[in-house]
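Owing to the predicted nature of the structure, the values given are computational and were not obtained by experimental measurement.
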Amino acid sequence: TAMLGQALVELGEDPMVIVGSRVPFFEDRNIHVGSSDWLVVEGCEYRRSFLNLKPFGVILLNCEWEHVDYYKTEADYVKAFEELVAMLPQDGFLIYNQLDKNAQKVSKMAGAKTMGVDWNEANEIKLAIPGDFNRLNAAHALMAAKEMGHAEVETLNALSHFNGTARRMEIKGEKTGVLVVDDYAHHPTEIKATLNALKEKHSDRRLICVFQPHQYSRTIELLDEFKTSFGEVDRLIIPNIYEARDSEEDKAKMSAEKLCQEIPGAVWGGGLEKTNSILKAELKSGDLLVTMGAGDVYQLGEQFLLEN
């Protein structure tokens, strides 16, 4: 959303843009108040809230089962997206990720113009930020901008200026030779994609990841995926699980200590304070520290920068 919104502003379209994170280009806000007829908004599927929108176009980047406290089955999760694209008008459009099997299924429910994106569209795109997922996102944004009447060459140039958003591989600073990055990733696929991108950009650094799972329920349901999400890291520390909308039953079934027993090489941090002590003792010049999760884990990176 931020990528497309920023590109459109540079192209002179001047839409209203509403994003789920702060964007440096929008004066470090999550909103740009434009003057055109276009509204670019980051829709959220939790409790089917995106069905309150009346979309002319939909960009579907992925449809992986999430928000397991509300969507009890993957089928119900996919159904919500099917309900969304069924709302599109005949003269509207759907741009979807052909690499995602559920997105392929959802696309069949759209009565509008439907266009798929895969690596053929993404591989050659040049961006200021690393990661295959960013190049794939840019391919979706490019296709949307073209549907809105903008030329490919000018759109690619605008996309190349995008530098990311807050809490998405956000560089927080560097101290004593340690580069500190923060990222909001809390779903297994997000985690893999982010860590791959960080390794792509910082291959010469030892990667230390402090991961804070978000919700006990999500950790339980996606446990098998979490087991294989951290192959790129040199050191993984899990301090705690961030509680949000969790039942006592969920909390009885899972803990950060139990999760560490399931993930090869993971170390239980014993809470944020003890994890901070571990980092102080272990971090050395040349390391890359990434704090990862949707909770308050980012405080560890900020604390390191203040205290060292």
Side chains of [X] and [Y]: is there a donor and an acceptor less than 3.5 Å apart?
X    : Y    : value
H187 : E66  : no
S247 : D250 : yes
E42  : N30  : no
D69  : Y46  : yes
Q303 : E307 : yes

Taking every non-hydrogen atom, the tightest pair across Y96 and A103: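 Taking every non-hydrogen atom into account, CD1-O, 3.8 Å.
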Are [X] and [Y] within salt-bridge range, i.e. N to O under 4.0 Å?
X    : Y    : value
K192 : E64  : no
E248 : K251 : yes
K284 : D287 : no

Parallel under 30°, tilted from 30 to 60°, perpendicular over 60°: which one fits the rings of F81 and Y77?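 Tilted: the ring planes of F81 and Y77 meet at 30° to 60°.
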Between F226 and F211, how do the two ring planes meet: parallel, tilted or perpendicular, split at 30° and 60°?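 The arrangement is tilted - the two ring planes meet at 30° to 60°.
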Pairs where residues 178-189 contributes a residue and the test salt bridge (Lys or Arg N to Asp or Glu O under 4.0 Å) is met, not counting sequence neighbours: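 For residues 178-189: R167-D182, R168-D183.
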Okay, side chain of N276, backbone of L272: is any donor-acceptor separation there less than 3.5 Å?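 Flag not set: sc N276 to bb L272 has no pair under 3.5 Å.
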side-chain hydrogen bond (donor to acceptor under 3.5 Å, both in side chains) contacts touching residues 260-274 (sequence neighbours left out):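 Passing the test, one end in residues 260-274: K227-E262.
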If you round to the nearest 0.5 Å, how far is CZ of R206 from CG of L289? 10.5 Å
